[in-house]
Number of protein chains: 4
Amino acid sequence: MDDHSDQTRKPRADAVRNRERVLEAAKAVFNAGGPEASLEAVAKRAGVGIGTLYRHFPTREDLFEAVYRREVEQLSELAEHLRSAKDPVEALRRWLQSAVEFVATKKGMLAALALAYQSSSELAVFSMDRLTKAIGSLLERAVAAGQMRADIVPEDLLRAFFGMCYMHDKPGWQSSVLRLLDVFVDGLRVQSAAKTRARVAKPAKPAVKRKR
Amino acid sequence: MDDHSDQTRKPRADAVRNRERVLEAAKAVFNAGGPEASLEAVAKRAGVGIGTLYRHFPTREDLFEAVYRREVEQLSELAEHLRSAKDPVEALRRWLQSAVEFVATKKGMLAALALAYQSSSELAVFSMDRLTKAIGSLLERAVAAGQMRADIVPEDLLRAFFGMCYMHDKPGWQSSVLRLLDVFVDGLRVQSAAKTRARVAKPAKPAVKRKR
Amino acid sequence: MDDHSDQTRKPRADAVRNRERVLEAAKAVFNAGGPEASLEAVAKRAGVGIGTLYRHFPTREDLFEAVYRREVEQLSELAEHLRSAKDPVEALRRWLQSAVEFVATKKGMLAALALAYQSSSELAVFSMDRLTKAIGSLLERAVAAGQMRADIVPEDLLRAFFGMCYMHDKPGWQSSVLRLLDVFVDGLRVQSAAKTRARVAKPAKPAVKRKR
Amino acid sequence: MDDHSDQTRKPRADAVRNRERVLEAAKAVFNAGGPEASLEAVAKRAGVGIGTLYRHFPTREDLFEAVYRREVEQLSELAEHLRSAKDPVEALRRWLQSAVEFVATKKGMLAALALAYQSSSELAVFSMDRLTKAIGSLLERAVAAGQMRADIVPEDLLRAFFGMCYMHDKPGWQSSVLRLLDVFVDGLRVQSAAKTRARVAKPAKPAVKRKR
DNA sequence: GATGAATGAGGATTCATTCAT
DNA sequence: TATGAATGAATCCTCATTCAT
C-alpha cells in the first residue's frame, strides 16, 4: 500500500508522550486555576512549547474535552456496576460516596460536572446526558422498589451532589460532603413502615409516570 | 470637637452619589459577568470615570466588600427572626427556603457565599462567621430539642445550601433547589415513629404547601 | 454647567500630543512595512505604549482612516483649484503631476489609493468616491471642450496614475512617472485628422479591432 | 561517467511528482492569498508534508523562483516573436495587450513583475533583466523607425504596464487596462504638425455622451 | 474629587523553520 | 525521502492600575 493512502501511520512516540504530558498538565492547571487558566501555563507545566499544545488541541474546548470526557465516562460506568446491588437505596448512596472519592482523586471531575451545568458545549451536553442517565438508572430502581420518593429527578440529584462537592478547598471537605450525602439519602428514603403504609395508601408507584 | 479636626466632614454630595452609582453598577455587572468582570465595565455602567471607581474602592476586594457585606447581614438577620419560631426544624427549613428566595432576588448573594468558601479575604471571614452563626443558632435549637441529628455542623449546612444554589443558571433551578432542601431537612430529622406519626397526624403542611 | 453634562471637555494636552505622534508614526510605519505592519511597531516608534495606541484607535481600520482620509481630501481639493485653469488638458496634466509630487511627499497617499482599489472599507469607498469625482470633473471639461477622447472614465485614469506611482521604491521613480504621465496625456488628446489619416493609410488595424 | 559520481541520478518518481504538486499548489495559493500566504497552506493544498515542501524549496524565495521564472520567460519569448512584425509600434501595442492576457490567465505573473520592481532577489534581477530586454528590443525598433519618442526607456514602459495591471481585483479590470494601454501607445507615437492643426479644427463635444 | 489618558503585563494565536522518525 | 511534530518568536488585544490634569 502507498504511503499516501495510509491515513493512520504509527503515531510518533514523542507526540504521544507530549499529548499525555499536556493532558496531565491541563488537569492540574485547570484544577488549580479554573477553566480560565492560561494555556501557556499548561504548556509550561507540560514542558512543551505552546505551539505543541495548540497542535494537539487547537482550541481550549478541545483540551477540555480530552481532559474531562473520560472522567465522566468512568463515573457513569460506576453506576452500571452498582445496578446489580441488592439494596437500591444503598446502591445510590454508594454511588454518591464513590463519586466523592472520585472527585477527591481525579479532581478534574468537578470541572467536568460544572461544565455540564453551566455551559452548553458539546462536551457539556454529553456529560449531562451521561451522568443523568447514570444517576437516573439508580434512582429509578429505588423508586420502583417503593423505597424512595418519586419527586426527585436525576438532575436534582446531580445538582445536589455537584453542589456539595463544589467547594472542595477546605481541608476535611470530604467528610463534610459524605455526612451531607448521608443526610440527603436519608431524606430520600420513604420513611418507616407506618409512614410507608400511609404513603402507600395513596396512589404509589408514581415512578413510572416520570418521563424517564 | 472642631470642624477642622473632624475627619469625616460633610461628604461631598456628588461623591456620595457616585459611590452609590458604582455600587449599583457593580452589583449588576458582577452578576452578569461574574466576579472577574472588568472594572472598567463597572465604571462605564455607573457613568463615572475609572479613576472615580478606584478612589472609592481602591481594590477589587473593597468593591466586593461594599457590594456583598450587607446582603450577608440581611440573611443573618433573617435567622434571628426565625429563632422565635415554634418548631425548630421548620424554622431551619424556612430559613433555607427564604435563603433561596434571597439568592434568586439578590443574586450577588451567591458570589458572597462563594467568596466565603473560597477566598480568605476579610469579607470572606466575615461572611463565613456571620452565616455560620446564623445557621448554627437554628441548628442548635433543633438539636437541643432532640429533633435533629447532632452530627451536622453549621458549615456543612452552609455548604449544602450554597452548593445546591450554585448552579443557578438553568431555568427552574429554584424549584429544584427547594425540592432538594426539603429532602435534606427530612434527612436531618431524627427519625422516630412518634415523630412520623405526629407528622402524619398534624396538619404539618409548611413544606407540603409549596407547589412541589 | 455641570461637569457631567460637558461632553467635550478640553482634550488633555498629552492626549493630543500622543494622538499626533501615533499618526506620524503610523504614516511612517505603514509606508515602510505596508498596511500589514505591526501596530506595536507603530506604538514603539511613536514612543507610546501599545495601550495608548489602542485607546486612540481601537481598530487597525480606525488608524488607517485617520492617517489617510485627510490626504485624500487634499488631493481632491487640488482638483477643484485646477478646474478654473484655462486649458483643460493641461489642467489634468498638472493635476497628475502635482499628485506625483504629493505622493512623493506624503507617501501615505499611495496606501490610500491602494486601499481605494483593493478594499471595500468605508474609507476605501470614501476615497474612491472622492478621487473619482476629482478626476472626473477635470476629465469632463476636457472632453466637453473636444480636446480629449471620451472613452476613458475617471476610474481608468485613477488606475493609471495609481499604478504608475505604485512602485515608488527605486530612485528616480518620480521622473519616470512624470515622463509616463506626459506620454499618457498626449495619448488622451484627440488626435488630428491628418494623424488619423496617416494611420488609416497604413494597414495597422490590430488595435482598432478590439472591441473598444 | 560513472553512475556514482553522477550528482543528478534518477530522481525518484515520487519526488518529481511532489515537486510538481507543490509548484501547482504554490501558484494557486500565492495567487489567492498573495505572496505572504502561509507555506503550510501550500503544503496542505499540495497534499504533502510541510517538510517535503522545505526539502524541495529550502526558502520561500526558492519557491517563488520556481513558480515565477518560467512565466517571465514566456513573456520574454513573446517579445521575440513580435520583433518580426511589420509595424513596430503595433508590435509593441500587441505585446502589451498579450501581456495583459497573460496576467489575466497566469496571475502569478503579476507577482513576478511586482517582485522585479520591489525586491532585489536573484529572481527579481533576472525578471527585470529579461523583461527590460524584451520591451527594450521592441521599443528600440520603433524609435529607430522614427515612429516613437525616444525619451522613454524600457523600465518606464514596464512600470506603466505593471502598474496598470496591478490592481486586478475589480471585475472589468482587463478592458480598463487595455483602454489605458491603447491611450498610452498613442501617446508614445511621434506626433506630427499636421495632426496638431487638425485637432483645433474639430469642436466636438462628445463629453455629454458619457453617462456622467 | 472627578476624569480619562498612559502604561505594560498577560494571554491567545499563528506560522516559519528545524528535526526526529 | 517524506512526514508531521516541536518550537518559539511575533503579534494582537484586553485590562488592571497609576497619574496628570
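Residue numbers begin at 1 in each chain, while the letters A, B, ... track the order of the sequences.
The distance from atom CZ of D:Arg21 to atom C1' of F:dA2 is 12 Å, rounded to the nearest whole Å. Residue B:Phe57 contributes atom CZ, which lies 17 Å from atom C1' of F:dA16 at whole-angstrom precision. The NZ atom of D:Lys44 sits 17 Å away from the C1' atom of F:dA2 (whole-angstrom rounding).
Annotation: B:Phe30 is in aromatic contact with B:Phe64 [ring centroid separation under 6.0 Å].
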For each nucleotide in nucleotides 6-12 of chain F, reading 5' to 3', give B when a protein heavy atom comes within less than 4.0 Å of its base, S when such contact involves only the sugar-phosphate, and - otherwise. SBBB-SB
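A stem is defined here as three or more consecutive Watson-Crick or G-U pairs, each with both distances under 3.5 Å; for DNA chain F these stems are E:2-21 with F:2-21.
Side-chain contact between A:Phe126 and A:Glu73 is present, with at least one heavy-atom pair separated by less than 4.5 Å.
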Please list, one pair per line, the donor and acceptor atoms closer than 3.5 Å that link side chains of residues 32-42 of chain A to other protein atoms, with sequence neighbours excluded.
unit_1	atom_1	unit_2	atom_2	d
A:Ser38	OG	A:Glu40	N	3.0
A:Ser38	OG	A:Ala41	N	3.0

Please tabulate, for the side chains in residues 14-25 of chain A, all donor-acceptor contacts under 3.5 angstrom to protein atoms that are two or more places apart in sequence or on a different chain.
unit_1	atom_1	unit_2	atom_2	d
A:Asp14	OD1	A:Arg12	NE	3.1
A:Asp14	OD2	A:Arg12	NH2	3.0
A:Asn18	ND2	A:Asp14	O	3.4

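For residues 45-60 of chain D, the pairs satisfying side-chain hydrogen bond (donor to acceptor under 3.5 Å, both in side chains) are D:Thr59-D:Asp62, with sequence neighbours left out.
Annotation for B:Val67 and B:Lys27: closest pair CG1-CG, 3.6 Å, computed over non-hydrogen atoms.
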